2 protein chains.
Amino acid sequence: MTATSATPEKRTLADEAYTELKSRVIRSELVPGAKLSIDGLAKQLAFSQTPIREALARLESEGLLARRPLSGYTVEPLLSAAEFEDLFEIRMMLEPRAARRAAEARPAGLVAAEAEALKIAARTPGTGADKLDFTEADARFHDSVAELSGSAQLAKAIRRLDAHLHLHRAYIEPESIEETEVEHLAIADAIIAKQPLAAEEAMCRHLERSQIRHRAAFEAARTTEPAPKPKRAKATR
Amino acid sequence: MTATSATPEKRTLADEAYTELKSRVIRSELVPGAKLSIDGLAKQLAFSQTPIREALARLESEGLLARRPLSGYTVEPLLSAAEFEDLFEIRMMLEPRAARRAAEARPAGLVAAEAEALKIAARTPGTGADKLDFTEADARFHDSVAELSGSAQLAKAIRRLDAHLHLHRAYIEPESIEETEVEHLAIADAIIAKQPLAAEEAMCRHLERSQIRHRAAFEAARTTEPAPKPKRAKATR
DNA sequence: ATGCTCACAATCCTATAGGATATGTCGCGA
DNA sequence: TCGCGACATATCCTATAGGATTGTGAGCAT
């Protein structure tokens, strides 16, 4: 879940199914409204129903899927235009504060390693990278800043917005990768230099520009596919 | 989930198990660190393992339980003092804004009904009510304000803080019920009167005072039971 | 007496089959 | 054309069995 997890944790089949299904939703292999059949997925992924059920339950509780009690799971729709704006409004409430707190006094011991890790996280994948790679790198950086805020609650709140998940479902502007990296580095530098106000300000500006960059792509995604209304959403067998 | 859901939705056994277990955690029948045995719970609740697993998966994804892959589920610890302060800091970022937006222009159609509902939600249970009733009433009011903000994203973010859940786990100051109601009514009046700044300010003050009220109880809870360290946490059979 | 190794029991995880119930569709009659 | 009832589908739930892993406790060596 966290980008900084270094433990080689044991992975159960339920975890496997969870990440696989989540990935499919994010990369739009499962479009909004699509129906998910439990034993269909079980056969397809080649393990039994139990781990599938657990994965679906988790995804539902995260808001990616909806469950209608005796009818099955379906994929939740994309963010509306209003929800998109709301999402960034909330990010503007939380993330600049996280950046500020990350730049404020912290135990000065492991700063060197942290600084290094942060600079690395700020980098975006170069040429030849997938769109998804870019989204994930961006998510990792924002997660890192949130973690460095020192507030587990704040980090959790930011993570649960699932901002990058929603953004990638809508689309990505690949030509903005370099801009993003510049802005990330500005934030990272301010944090490392322990300049709280500069970090807060840099995060603010980054979010504003990111919102503008994504808005275009988002509008495009909404208008090009205005809900084809398939009356029989084919179950993913 | 939402306090305003009026649909008589169908409830599966998994839902049943979910609410039952969540209730047990909130009312501290299941203390932090307690171990949850799957087939123990299945026998106790008298249905099979599958719905139990689904309920546990959901609770884990919400952060109430922790899962160690081949060892079972355990109840997550209470908020630490720092996390308690962080939680209120985040609430201060989100909830006053929600109150402001709720007071801003909304479609003027259903205002009468909404205003009535909000005033009702602002009331706290009178004498003879359980502590849990008070917590739930408080949660309902804050949820109502969040919903009235018109931003589904903001409402979701606030809801996912699970603020009242954490507070009730720690304890409640029953003598502060009247103060709470007064403050709630001030917020509700400002919203109904469409005074955004007043509503924001009232929510701010309410949160500040609420933080003070709960802090005492919270400190007490933390000091009176400083983790008894039971080396064999008894599984709830 | 202390520390280490091994075996046992408990528990979790997975897999599979089958019954009960609700949904959605199709066809029939008014 | 519209409403009603039966069928097929799909889901939810149950039950059970076997493989895998963790943690405990006994036994032995030092």
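Predicted, not measured: the structure shown is a model, and the values here were computed from it. Within every chain, numbering begins at 1; the chains are lettered A, B, ... in the order of the sequence lines, protein sequences first and strands thereafter.
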Practice item. Could you tell me whether the phosphate oxygens of D/dA10, OP1 or OP2, come under 4.0 Å of any side-chain nitrogen or oxygen in A/Ser71? Key: no
Check your understanding: Rounded to the nearest Å, what distance is computed from the CG atom of residue B/Leu13 to the C1' atom of nucleotide C/dA20?
Key -> 12 Å
Exercise for review: Specify the separation, in whole Å, of atom CD of B/Gln49 and atom P of D/dA15.
Suggested key: 11 Å
Practice item. Take A/Glu85 and A/Gln211, measure what side chain to side chain contact (heavy atoms under 4.5 Å, CB included) needs, and give me the verdict at the end. Key: CA-CA 8 Å; A/Glu85 304 296 333; A/Gln211 181 174 19; 2.8 Å; yes
Exercise for review: Calculate the interatomic distance between A/Arg11 atom CZ and C/dT14 atom C1'; express it in whole Å.
Suggested key: 17 Å
Exercise for review: Measure the spacing between CG of A/Leu41 and CZ of A/Arg24 and express it to the nearest 0.5 Å.
Suggested key: 7.0 Å
Check your understanding: Between the side chains of B/Ser210 and B/His214, does any donor sit under 3.5 Å from an acceptor?
Key -> yes
Point to revise | Under 4.0 angstrom between A/Arg53 side-chain N/O and D/dT14 OP1 or OP2 | key: no
Exercise for review: Can you figure out which of C/dA15, C/dG24, C/dC12 approaches the side chain of B/Asp39 most closely?
Suggested key: C/dC12
Exercise for review: To the nearest Å, give me how far apart NZ (B/Lys43) and C1' (C/dT11) are.
Suggested key: 11 Å
Practice item. Over 60° means perpendicular and under 30° means parallel, so classify the ring planes of A/His164 and A/His142, tilted if in between. Key: tilted
Revision key, fill the gap. Atom CD1 of B/Ile52 and atom C1' of D/dC12 are separated, to the nearest Å, by 15 Å
Point to revise | Rounded interatomic separation in angstrom, taking CZ from B/Arg68 and C1' from C/dC13 | key: 15 Å
Check your understanding: For DNA chain C, whose closest nucleotide is more 5', that of B/Ile38 or that of A/Phe47?
Key -> B/Ile38
Check your understanding: Could you give the OH-to-C1' distance, from B/Tyr73 to C/dC13, as a whole number of Å?
Key -> 11 Å
Review point. Given atom CG of A/Leu56 and atom P of D/dC13, what is their separation to the nearest angstrom?
Key: 13 Å
